[in-house]
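Accompanying notes for the structure given below.
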Amino acid sequence: MTSGDFSSRVNGLAATVAGGTIVLASLARVAGWQDFFAPFYWLDVAVVCFLAALPLAATLAVAVYGKSAGNGRTLRVMAVEALVLILIPAFYISIRTESEIANCVELVGQSRYEEARESMQRICRLAPGARWNGQLLATEVVKIEPIVARLEQSVAERLPANANDAQRIERSQHLAMLGRTDEALVVLDGAVSLADDADASNLRGTIFETRREWRKAHEWYVRAKNAWQKEADSPRRTAGLTRAVRGVAFNARKKGSLREAEAAWKELLSLSRNNHTRAETHFLLAKFYEDAQQAGKAQLHARQAMQLDPQGYSVSGERLLNKLVTSHFGCVGILNSSSAGQR
């Protein structure tokens, strides 16, 4: 076999391995497997590093077989491929880290402390210099540790057999915050009185939402909404109903019911009692319309959010507007919306 034939075979094999790796990684992600062992910690990071190493590995194999390792051209090619092996993973890890930190912020906002802690610990191992709000991420992990410890202590004791509904809901909340969602649901299922309880239904909806079981989450949020609507008007009812309607809107979109989701977001807007909550809802509506590729409506609600709460939404609103302008589907909608406003 000539060196040219061997080179072709090696390159073909490398291309086949790369394609197979991408297919397998995609299947693994669909199956919900995203974790990986050190030093990669996430499957996608391992895949990127592996793919970045393939060209250099192929060139080395060809160079050794063809005894051209000392060839000037081969050395230049290997130098470029070595640079690719260094820069591409570094760039991807930087982007991946930023994305995961944003996810951690969201997890903390949802009181999913155990998941946030695990994710933060992985980030710190993968990128020790990662920062959050100007501080090293490692310092934020230290802040969450006591919260997780208190939650673990609170669920360590067995729930009394005669526990009331409030105690069961609190225990279920704590278990859910620790990511122990199966146990949380068992606690709620242990009391017949909680089957149609408004708070319990909202909690069930939240648990299924965190598990990405959109249809079950939607079903429980609808039940929560119906239960809250039967309550007398009060701040507690408003808060509970707002949570339920938001859940209906989010999960209706996730399961593909666009009209129901749009109606729920608009209903949520009618429940907003102050500029801050109205601005938040307008921004959520803007993101919904962006996702639904209705750029004109997305622009309208983003601007309303920015007007109602400039401090909270000027930056994120401007970022969304810029994204609408530069996106393929957004350009026409934005231009048509602007032209309509000028007529």
Side-chain angles (χ1 to χ4, degrees), residues 106-113 151 154 159 162-177 181 184-255 257-289 301 304-305 308-309 312-313:
E106 186 174 341
L107 290 173
V108 171
Q110 296 171 353
S111 300
R112 294 160 63 182
Y113 296 111
L151 289 170
S154 73
L159 192 67
N162 61 344
N164 58 36
D165 289 351
Q167 289 174 313
R168 286 186 173 276
I169 290 175
E170 182 181 51
R171 174 59 60 88
S172 181
Q173 286 176 330
H174 290 175
L175 287 168
M177 290 177 183
T181 54
L185 291 170
V186 168
V187 171
L188 293 178
D189 292 341
V192 177
S193 56
L194 292 179
D196 294 307
D197 180 81
D199 280 318
S201 295
N202 261 342
L203 180 54
R204 281 189 173 98
T206 301
I207 289 172
F208 284 118
E209 184 179 304
T210 62
R211 289 158 58 136
R212 298 179 177 271
E213 297 180 40
W214 313 122
R215 291 189 179 277
K216 288 184 179 180
H218 177 265
E219 174 188 338
W220 281 107
Y221 278 126
V222 169
R223 293 175 69 166
K225 175 185 171 183
N226 294 336
W228 283 115
Q229 287 176 331
K230 296 175 184 177
E231 299 279 339
D233 190 27
S234 68
R236 180 173 174 273
R237 175 187 181 274
T238 299
L241 184 58
T242 296
R243 178 181 171 187
V245 173
R246 184 196 294 259
V248 170
F250 180 80
N251 289 280
R253 174 66 186 98
K254 284 294 187 179
K255 69 185 189 73
S257 302
L258 291 180
R259 290 186 179 179
E260 183 183 5
E262 181 179 22
W265 284 124
K266 290 181 177 178
E267 183 179 356
L268 184 63
L269 191 60
S270 69
L271 292 170
S272 303
R273 301 295 177 86
N274 55 59
N275 283 352
H276 175 72
T277 56
R278 288 184 67 81
E280 180 184 25
T281 306
H282 275 299
F283 191 72
L284 291 171
L285 258 168
K287 294 182 73 174
F288 165 76
Y289 283 124
H301 286 284
Q304 287 179 305
L308 287 168
D309 187 358
Y313 293 96

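Just so it is clear, the structure is predicted and the values come from calculations on it, not from any experiment.
Between Asp199 and Arg236, at least one side-chain N (NZ, or NE/NH1/NH2) sits under 4.0 Å from a carboxylate O, which counts as a salt bridge. A salt bridge links Arg204 to Asp189: at least one charged side-chain nitrogen sits closer than 4.0 Å to a carboxylate oxygen. A salt bridge links Lys225 with Glu267; the closest basic N to acidic carboxylate O contact falls under 4.0 Å.
A donor and an acceptor atom, one from each side chain of Glu260 and His218, are located under 3.5 Å apart. Side-chain atoms of Glu280 and Tyr313 form no donor-acceptor pair, as typed in the model, at a separation below 3.5 Å.
Residues Asn202 and Ala224 come closest through the heavy atom pair OD1-CB, 3.3 Å. Between Ala200 and Asp197, the closest heavy-atom pair is N-OD2, 2.9 Å. When all heavy atoms are compared, the tightest approach of Ala244 to Trp228 is CB-CD1, 4.3 Å. Nearest heavy-atom pair across Leu271 and Thr238 is O-CG2, 4.4 Å. Scanning all heavy atoms of the two residues, the minimum distance from Ala217 to Gly205 falls at CB-O, 3.4 Å. The shortest heavy-atom contact between Asn274 and Thr277 is OD1-N, 2.8 Å.
Looking at Asp309, its side chain does come within 3.5 Å of a backbone N or O of Gly312 through a donor-acceptor pair. The closest donor-acceptor contact from the side chain of Arg278 to the backbone of Arg273 lies at 3.5 Å or more, if one exists at all. Within the 3.5 Å criterion, the main-chain N or O of Asn164 finds a donor-acceptor partner in the side chain of Gln167. Not one N or O on the side chain of Ser172 forms a donor-acceptor pair closer than 3.5 Å with the backbone of Arg168.
Looking only at side-chain heavy atoms (C-beta outward), Tyr289 and Leu285 come within less than 4.5 Å of each other. Inter-residue side-chain proximity for Leu284 and Arg246 is flagged as met; some heavy-atom pair is nearer than 4.5 Å. Tyr221 has its side chain out of reach of Val245: every pair of non-hydrogen atoms, C-beta onward, lies at least 4.5 Å apart. With a 4.5 Å cut-off on side-chain heavy atoms, Leu175 and Thr181 do not count as touching. Contact check for Trp214 versus Arg253: no side-chain heavy atoms found under the 4.5 Å cut-off. For the pair Val187/Ile169, no side-chain contact is recorded, criterion being any heavy-atom separation below 4.5 Å from C-beta on.
Between Met177 atom CE and Leu151 atom CG the span is 6.5 Å, to the nearest 0.5 Å. For the atom pair Thr281 OG1 and Leu269 CG, the distance stands at 6.0 Å (nearest 0.5 Å). Annotation: the span from Phe250 atom CZ to Lys255 atom NZ amounts to 13.5 Å, rounded to 0.5 Å. Here the CZ atom belonging to Arg237 is positioned 8.0 Å from the CD atom belonging to Glu231, to the nearest 0.5 angstrom. One distance of note links CD of Glu213 with CZ of Phe208; it measures 5.5 Å at 0.5 Å rounding.
Counting heavy atoms of neighbouring residues, nucleotides and ligands inside a 6.0 Å radius, atom CZ of Arg215 does not exceed 12 of them.
With ring centers used as reference points, His301 lies 6.0 Å or more from Phe283.
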Report task. Apply side chain to side chain donor-acceptor pair (under 3.5 Å) to the pair Arg223 and Ser201, showing each step before the final yes or no. Result -> CA-CA 6 Å; Arg223 293 175 69 166; Ser201 295; 5.1 Å; no
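Of the listed residues (Gln173, Arg243, Arg211, Arg112), just one forms a side-chain contact (heavy atoms from CB on, under 4.5 Å) with Thr206, and that residue is Arg243.
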